[in-house]
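Written below as structure tokens is the structure these notes are about.
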Amino acid sequence: GLVARLAAEAGVAVAAVGVGAAGVIDHESGTIRAASALFADWAGFPLGPELAQRVGVPVRVENDVNAFLLGEAAAAGPSVPDVLGVMLGTGVGGALVIGGELHHGPHGAAGEIGHTPGYSDLVCTCGQTGHLETLASGTSIARRFEERTGRPVNDAREVAEAARAGDADARAVFDAAGRALALACASAATLLDLPIAIVGG
Ligand SMILES: [Zn+2]
């Protein structure tokens with residue numbers, strides 16, 4: 001329904017469809033390999049083939065952070081063929097474009113810098129300890145602020161507003177998040193000679 005509506009609004013025939021989906025995606029088959037509990041029954045679903053059957057044109061499915069980075073890199077032009085993408089949201093997603101192409105790795109998990117260790121002593125959403133995501137995701141920013149102050153907040157936006165208003169605790173939480181994110185970007189840049197990191201979310 002969405003594809004038909006967008007095509008009608010744009011006044012064009014659809015030639016192909018691209019989907020950015022959450023989770024670990026098998027981009028060759030268009031199947032969702034793994035997804036968080038937010039997406040019930042999503043793991044194992046052949047999204048690409050199911051959608052292609054309904055819309056009658058080729059469909060490509062990518063992880064949503066991969067799709068984000070591909071779009072940003074394309075908009076920036078051929079001058080940025082090597083770039084790291086980091087998305088800060090519920091978690092910390094990562095993606096790599098190398099030589100102008102998405103780098104997927106053998107399990108489709110290349111670039112997932114949010115789950116690299118050494119940033120804290122806190123337990124990550126994945127069950128392991130100390131990952132970048134424990135400090136730098138939107139969820140973590142809210143949680144770290146609550147732990148530090150005992151003041152409940154709905155989301156990172158509230159912490160950001162407090163930081164802008166000069167709240168020292170809110171600023172300290174953002175300092176920790178920013179420092180961790182910068183370390184991660186610097187490590188990736190050093191390893192792969194990446195001139196650019198794009199942060200979104
Ligand atoms: Zn993790």
Checklist entry - Do we see a donor-acceptor contact under 3.5 Å between the side chains of H115 and E133? => result yes

Item to check | Reported OG1-to-CG distance for the pair T90 and D155, which is rounded to 0.5 angstrom | outcome: 11.0 Å

Next on the checklist: In this structure, would W42 and V24 fall into the same cluster of hydrophobic residues linked by side-chain contacts under 4.5 Å?
Outcome noted: no

Item to check | Plane angle bin for H104 and H27 - parallel if under 30°, tilted between 30 and 60°, otherwise perpendicular | outcome: parallel

Item to check | For V3, side chain to side chain contact (heavy atoms under 4.5 Å, CB included) partners two or more places apart | outcome: V14, V17, V55

Item to check | Closest non-hydrogen atom pair between G138 and A156, with its separation | outcome: O-CB, 3.5 Å

Next on the checklist: Under a 4.0 Å threshold between the charged nitrogen and the carboxylate oxygen, would R54 count as salt-bridged to E50?
Outcome noted: yes

Item to check | Salt bridge E62-R60, side-chain N to carboxylate O under 4.0 Å | outcome: yes

Checklist entry - CZ of R164: more than 12 outside heavy atoms within 6.0 angstrom? => result no

Next on the checklist: Do T129 and L122 have side chains that approach each other closer than 4.5 Å (heavy atoms only, starting at C-beta)?
Outcome noted: no

Checklist entry - What are the two closest heavy atoms between P49 and G30, and how far apart are they? => result CD-O, 4.1 Å

Item to check | Trace of the side-chain contact (heavy atoms from CB on, under 4.5 Å) decision for I25 with I32 | outcome: CA-CA 5 Å; I25 312 297; I32 314 293; 3.5 Å; yes

Checklist entry - Applying the 4.5 Å side-chain criterion to the ILVMFWY set and letting contacts propagate, would L102 and M87 be lumped into a single cluster? => result yes

Checklist entry - Could you go step by step and tell me if E112 and V65 meet the side-chain contact (heavy atoms from CB on, under 4.5 Å) rule? => result CA-CA 10 Å; E112 289 301 346; V65 180; 5.7 Å; no

Item to check | Co-membership, hydrophobic cluster, residues L96 and V199, 4.5 Å side-chain | outcome: yes

Item to check | From CA spacing to verdict: side-chain contact (heavy atoms from CB on, under 4.5 Å), L84, I198 | outcome: CA-CA 6 Å; L84 169 73; I198 296 175; over 6 Å; no

Checklist entry - Is there a donor-acceptor pair under 3.5 Å between the side chain of R151 and the backbone N or O of E146? => result no

Checklist entry - Is the closest basic N to carboxylate O distance between E147 and R143 below 4.0 Å? => result no

Next on the checklist: Quick one, V61 and E28 - any side-chain contact, counting heavy atoms below 4.5 Å?
Outcome noted: no

Next on the checklist: If hydrophobic clusters are built from ILVMFWY residues whose side chains come within less than 4.5 Å, do L191 and L132 share one?
Outcome noted: yes

Next on the checklist: Ignoring hydrogens, what is the shortest heavy-atom contact between G105 and A110? Give both atom names and the distance.
Outcome noted: N-CB, 3.8 Å

Checklist entry - In the hydrophobic clustering (ILVMFWY, side-chain contacts below 4.5 Å, transitive), which residues join F174, or is it alone? => result I141, F145, V153, V159, V173

Checklist entry - Checking S140 side chain against A136 main chain: does a donor-acceptor pair fall under 3.5 Å? => result no

Checklist entry - If you take all heavy atoms of G23 and N63, which pair is closest and at what distance? => result O-ND2, 2.8 Å

Checklist entry - Quick one: does T31's side chain get under 4.5 Å of L47's, heavy atoms only? => result no

Checklist outcome for this item: On a heavy-atom basis, the closest approach of P152 and G150 is CD-O, 3.5 Å

Next on the checklist: With rounding to the nearest 0.5 angstrom, report the CG to CG distance, L135 to L181.
Outcome noted: 10.5 Å

Next on the checklist: Would S120 and T134 count as a side-chain hydrogen bond (donor to acceptor under 3.5 Å, both in side chains) here? Give the steps.
Outcome noted: CA-CA 7 Å; S120 75; T134 64; 2.7 Å; yes

Checklist entry - For D82 and L192, what are the C-alpha separation, side-chain angles and deciding distance, and is it a side-chain contact (heavy atoms from CB on, under 4.5 Å)? => result CA-CA 9 Å; D82 301 281; L192 295 165; over 6 Å; no

Checklist outcome for this item: Closest non-hydrogen atoms of A15 and P58, given as atom of the first, atom of the second and distance, are O-CD, 3.5 Å

Item to check | Side chain E158, main chain N154, donor-acceptor under 3.5 Å | outcome: yes

Checklist entry - Do D169 and R144 meet the salt-bridge criterion of a basic N to acidic O distance under 4.0 Å? => result no

Checklist entry - Do I98 and L70 belong to the same hydrophobic cluster, where Ile, Leu, Val, Met, Phe, Trp and Tyr are linked whenever their side-chain heavy atoms lie under 4.5 Å apart, directly or via other members? => result no

Checklist entry - Passes salt bridge (Lys or Arg N to Asp or Glu O under 4.0 Å), R157 versus E161? Steps please. => result CA-CA 6 Å; R157 188 185 304 266; E161 283 165 7; 5.7 Å; no

